[in-house]
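Since the structure comes first, as structure tokens, the remarks are kept for the end.
Lettering follows sequence order; numbering is per chain, from 1.
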Amino acid sequence: MIFLKDLIREAVSRLGAEVPYVELEVPRDEKFGDISTPVAMTLARPLRRAPRQIAEEIAGSLEEDPAIQSVDVAGPGFLNFRISTDFLLKELERVLRHGPDCLVPEPPERRKVQIEFVSANPTGPLHLGHGRGAAVGAALANLLQRGGYEVEKEFYINDAGRQVRLLGESIYARYQERFGKEYPFPEDGYKGDYISELAGRIAEEVGEKYIGISFDEAGGFFIERGTREMLDTIRTDLETFGVVFDRWQSEKLLYTEGLVKKCLDGLRSEGKLYEKDGALWFRASDYGDDKDRVVVKSDGSHTYFASDIAYHWYKIQRGFDELIDIWGADHHGYIPRMKAVIRALGEDEGKLSVILVQMVSLLRGGKPVQMSKRSGEFITLREVIEEVGADTTKFIFLTRKADSHLEFDIEVAKKESSENPVYYVQYAYARIQSIYRKAAEQGIGLEDIPFDAIMYLKEPEEMRLLKKILLYPLIFEGAFRAREPHRITFYLQELAGLFHPYYNTHRVLSDDAGLTGARLLLLRAVELVLREALSVLGISAPERM
RNA sequence: GCCCCCUUAGCUCAGUAGGAUAGAGCACAGGAUUCCUAAUCCUGGUGUCAGAGGUUCGAAUCCUCUAGGGGGCACCA
């Protein structure tokens, strides 16, 4: 269907006009045709002519095209196209011949993009919100990669500063407790059971080695050991979830390797930092932020913002054309200062885009599950994956756009029924595989079917299915441009929503060898798109269910 | 107090970059399987797009105000 864009663009240019993009949409009602465009209406103003008149002219110059069966002008100036069956079948053949690669349009340029996501503090296990960020980030990375960009996925490790110190001290306190020593548990310390467990393991390993040694002296060990273990947990949890990073960037290393100093020195020499009240400030307000921000406190220690500046500077040094940060929505107030940093570093602020992922409220059977981080009682991502499965969890995360609240009901997610759309989609795939197996039993080899068998396809349900298949490139393009993987999820439900009824009304395997072949080929294309789209989302395509 | 986001069917949400009569799933009721997997299908209806103004040939979509919900304000992380 996407070919229409070029056709329309050419027709528009024959009128001596131009459109920034050709908008194509699938009309709600089939009677309006297969696909339509409102370009004539958008051209009305620049051309100072009636939209319907413009539409008539575009229609006139396109109706001879072999791909187009008919083109009508309707309503205020819509152009409604009906695609010829011949052309649809040719397109089907092309898909069968060239596979999924011909479903994704080439991007206008090949970009190097970096996506940073999850980046949870290594102070405890991941919770559901992190999972949402992971699902969105990974799907977005797949999407951009599939669209031809070079993508790097990175996890930023906050292993310097107060939080990991607090982690170390919490473990230290539990360790002391093991040996009956009093040590005041740090205020805001981490109280989860995993801390006590870790302290227990350490106690078994090292015995009383750190008893009688102050935290100031022993802290290094507990901090290092704690962050390492937490990071291992995070990494394995993400792997279980099916999310793998290309790179893990340690904040601490930004300091020890001198990158923070180098970056700040550079900014300072350019006059973008200044001293006031004994602290070092970044002139964020010169670059669009509300106020200036401290990077080095008057006690000489760095704020997190300091390493964030250096981190983004470092990303730019590494030569990316585009940086994408995926943050929890509660960090939205941080965006202006980060954008200010990008501009101060001499880059277009559009180089950095921040995708905010909204909070997840966890329910069980309609009732909210209390999540209290302070008490350490919260449901972890791992627990949810174990209970409902990684595919389902991801799918639910990807059925909403990132920036909208999400209700995650564990009981609903667990149901293996139609309340659970992921099964609906996966079942379509499994059903197709099942038909292949049946076909094989009857001695029909998919590879042996000649492509021209597809001329036997003629049922309206078959044409509808075929049109939906050929719509995929358009959906993909939209999702790619908007950086919105959830559009793929909705498309999948629509595709499955055409397949299942088709399956129920028309038998694929029949006595008619030609028709059987034709239908198997159609299923081949459905299968191809299902697998392609599922792989973008990072969701498996099961052979059987 | 200031700033950001959200408000669409009973519920959960889509609605693409301002386009046609605003959609889907679930829930609810009834029905379908001698035949490729019933995790399926078929048939039933539902809206003050939070409210009020404005811009536009055209607004759920853009602007202003109001109400409700969430989030953020630091030499915290």
Can a side-chain donor-acceptor contact be found between A/Glu462 and A/Tyr502 if the only test is distance below 3.5 angstrom? yes
Whole angstrom value for the distance that separates P of B/rA17 from NZ of A/Lys5: 11 Å
I want to verify a distance call: between B/rA77, B/rU40, B/rC75, whose nearest atom is closest to the A/Asn121 side chain? B/rA77
A/Met545 side chain: which of B/rA39, B/rC35, B/rG15 is closest? B/rA39
Is a donor from one side chain sitting under 3.5 angstrom from an acceptor on the other, for A/Asp308 and A/Tyr334? yes
Compare side-chain N and O positions of A/Ser307 against OP1 and OP2 of B/rA77 and report whether any pair is under 4.0 Å apart. no
Selection: residues 42-52 of chain A, any non-hydrogen atom under 4.0 Å of RNA chain B: A/Thr42, A/Arg45
Distance-only donor-acceptor check, side chains A/Ser301 and A/Asp299, under 3.5 Å: yes
Return the residues of residues 155-172 of chain A meeting this criterion: a heavy atom under 4.0 Å from some atom of RNA chain B. Order them by number, or give none. A/Arg162, A/Gln163
Sticking with atom C1', work out how far B/rG69 lies from B/rG31, rounded to a whole angstrom. 42 Å
If you go through the side-chain atoms of A/Asp308, does one of them form a donor-acceptor pair with the base of B/rA77 closer than 3.5 Å? no
Should the ring pair A/Tyr427 and A/His500 be called parallel, tilted or perpendicular, given that the plane angle runs from 0 to 90° and is split at 30 and 60? parallel
Does any donor-acceptor pair link the side chain of A/Arg481 with the base of B/rA17 at a separation under 3.5 Å? yes
If the cut-off is 4.0 Å, is A/Lys297 near the phosphate of B/rA74, judged by side-chain N/O to OP1 or OP2? no
Under a 4.0 Å heavy-atom cutoff, the residues of residues 428-449 of chain A touching RNA chain B are A/Ala430, A/Arg431, A/Ser434, A/Ile435, A/Arg437, A/Lys438
Spacing of the P atoms in B/rA60 and B/rU55 (rounded, Å): 16 Å
Does a sphere of radius 6.0 Å around NZ in A/Lys252 hold more than 12 heavy atoms from other residues, nucleotides or ligands, not counting ones at 6.0 Å or beyond? no
Does this structure show an ion pair linking A/Glu169 with A/Arg165, if we count only N-O contacts that are shorter than 4.0 Å? no
Pairing of A/Glu484 and A/Lys401 as salt bridge, 4.0 angstrom limit: no
Distance between C1' atoms of B/rG47 and B/rC41 (Å, rounded): 27 Å
Would you call A/Glu477-A/Arg487 a salt bridge at under 4.0 Å N-O? no
Side chain of A/Ser404 only, heavy atoms from C-beta on: which candidate in B/rA77, B/rA14, B/rC35 is closest? B/rA14
Residues of residues 508-530 of chain A with any non-hydrogen atom less than 4.0 angstrom from an atom of RNA chain B: list those, numerically ordered, please. A/Val508, A/Leu509
Check every atom of B/rU16, B/rC36, B/rA39 against the side chain of A/Tyr503 and return the nucleotide holding the closest atom. B/rC36
Atom pairs, protein N/O to nucleotides 68-73 of chain B N/O, distance under 3.5 Å:
{"from": "B/rG71", "atom 1": "N2", "to": "A/His332", "atom 2": "NE2", "distance (Å)": "3.1"}
{"from": "B/rG71", "atom 1": "N3", "to": "A/His332", "atom 2": "NE2", "distance (Å)": "3.2"}

For B/rU66 and B/rG10, measure between their P atoms and round to the nearest Å. 29 Å
Ignoring hydrogens and geometry, is there a side-chain-to-backbone donor-acceptor pair from A/Thr489 to A/Thr399 under 3.5 Å? no
Whichever of A/Glu543 and A/Leu406 has the more 5' nearest nucleotide on RNA chain B, that residue is A/Leu406
Please tabulate, one pair per line, all N/O donor-acceptor pairs under 3.5 Å involving side-chain atoms of residues 357-365 of chain A, not counting sequence neighbours.
{"from": "A/Ser361", "atom 1": "OG", "to": "A/Leu406", "atom 2": "O", "distance (Å)": "3.3"}
{"from": "A/Arg364", "atom 1": "NH1", "to": "A/Glu387", "atom 2": "OE2", "distance (Å)": "2.9"}
{"from": "A/Arg364", "atom 1": "NH1", "to": "A/Glu411", "atom 2": "OE2", "distance (Å)": "3.1"}
{"from": "A/Arg364", "atom 1": "NH2", "to": "A/Glu387", "atom 2": "OE1", "distance (Å)": "3.1"}

B/rA77 base to A/Thr303 side chain: any donor-acceptor pair below 3.5 Å? no
With a cut-off of 6.0 Å (strictly less than), are more than 12 heavy atoms of other residues, nucleotides or ligands near CZ of A/Phe305? yes
Of all heavy-atom pairs linking A/Leu528 and A/Leu103, the shortest is CD2-CD1, 4.3 Å
Parallel, tilted or perpendicular, as decided by the 30° and 60° cut-offs, for the rings of A/Phe499 and A/Tyr503: tilted
Can A/Gln163 and A/Thr123 be said to form a side-chain hydrogen bond (donor to acceptor under 3.5 Å, both in side chains), step by step? CA-CA 7 Å; A/Gln163 293 307 315; A/Thr123 53; 5.5 Å; no
Distance between the P atoms of B/rC35 and B/rC13, in whole angstroms? 41 Å
Is the number of heavy atoms from other residues, nucleotides or ligands within 6.0 Å of CD (A/Glu109) greater than 12? yes
N/O-N/O pairs, protein side and nucleotides 60-62 of chain B side, under 3.5 Å:
none

Would you list the atom pairs, donor with acceptor, under 3.5 Å between side chains in residues 42-50 of chain A and any protein atom, with sequence neighbours excluded?
{"from": "A/Thr42", "atom 1": "OG1", "to": "A/Val39", "atom 2": "O", "distance (Å)": "2.7"}
{"from": "A/Arg49", "atom 1": "NH2", "to": "A/Glu57", "atom 2": "OE2", "distance (Å)": "2.5"}

Closest of B/rC5, B/rA20, B/rA17 to the A/Asp403 side chain is B/rC5
Starting from the 5' end of RNA chain B, give me the residue, A/Asp290 or A/Val26, whose nearest nucleotide shows up first. A/Asp290
Below the 4.0 Å mark, does B/rC41 have OP1 or OP2 next to a side-chain nitrogen or oxygen of A/His506? no
Provide a list of protein-nucleic acid N or O atom pairs under 3.5 angstrom, restricted to nucleotides 21-24 of chain B.
{"from": "B/rU21", "atom 1": "O4", "to": "A/Lys31", "atom 2": "NZ", "distance (Å)": "2.4"}

Does B/rA39 have OP1 or OP2 under 4.0 Å away from a side-chain N or O of A/Tyr423? no
Collect all protein-nucleotide pairs involving nucleotides 42-45 of chain B in which both atoms are nitrogen or oxygen and the distance is under 3.5 Å.
none

What stems, by residue range, does RNA chain B take part in, given at least 3 consecutive Watson-Crick or G-U pairs under 3.5 Å? B:1-7 with B:67-73, B:10-13 with B:23-26, B:28-32 with B:40-44, B:50-54 with B:62-66
Among B/rA17, B/rC75, B/rC36, which nucleotide has an atom closest to any side-chain atom of A/Tyr21? B/rA17
Run the side-chain donor-acceptor check on residues 25-33 of chain A: report pairs under 3.5 Å with partners two or more places apart or on a different chain.
{"from": "A/Asp29", "atom 1": "OD1", "to": "A/Lys31", "atom 2": "N", "distance (Å)": "3.1"}
{"from": "A/Glu30", "atom 1": "OE2", "to": "A/Arg464", "atom 2": "NE", "distance (Å)": "2.8"}

Heavy atoms under 4.0 Å, any strand shown: does A/Glu25 hit a base, just sugar-phosphate, or nothing? base
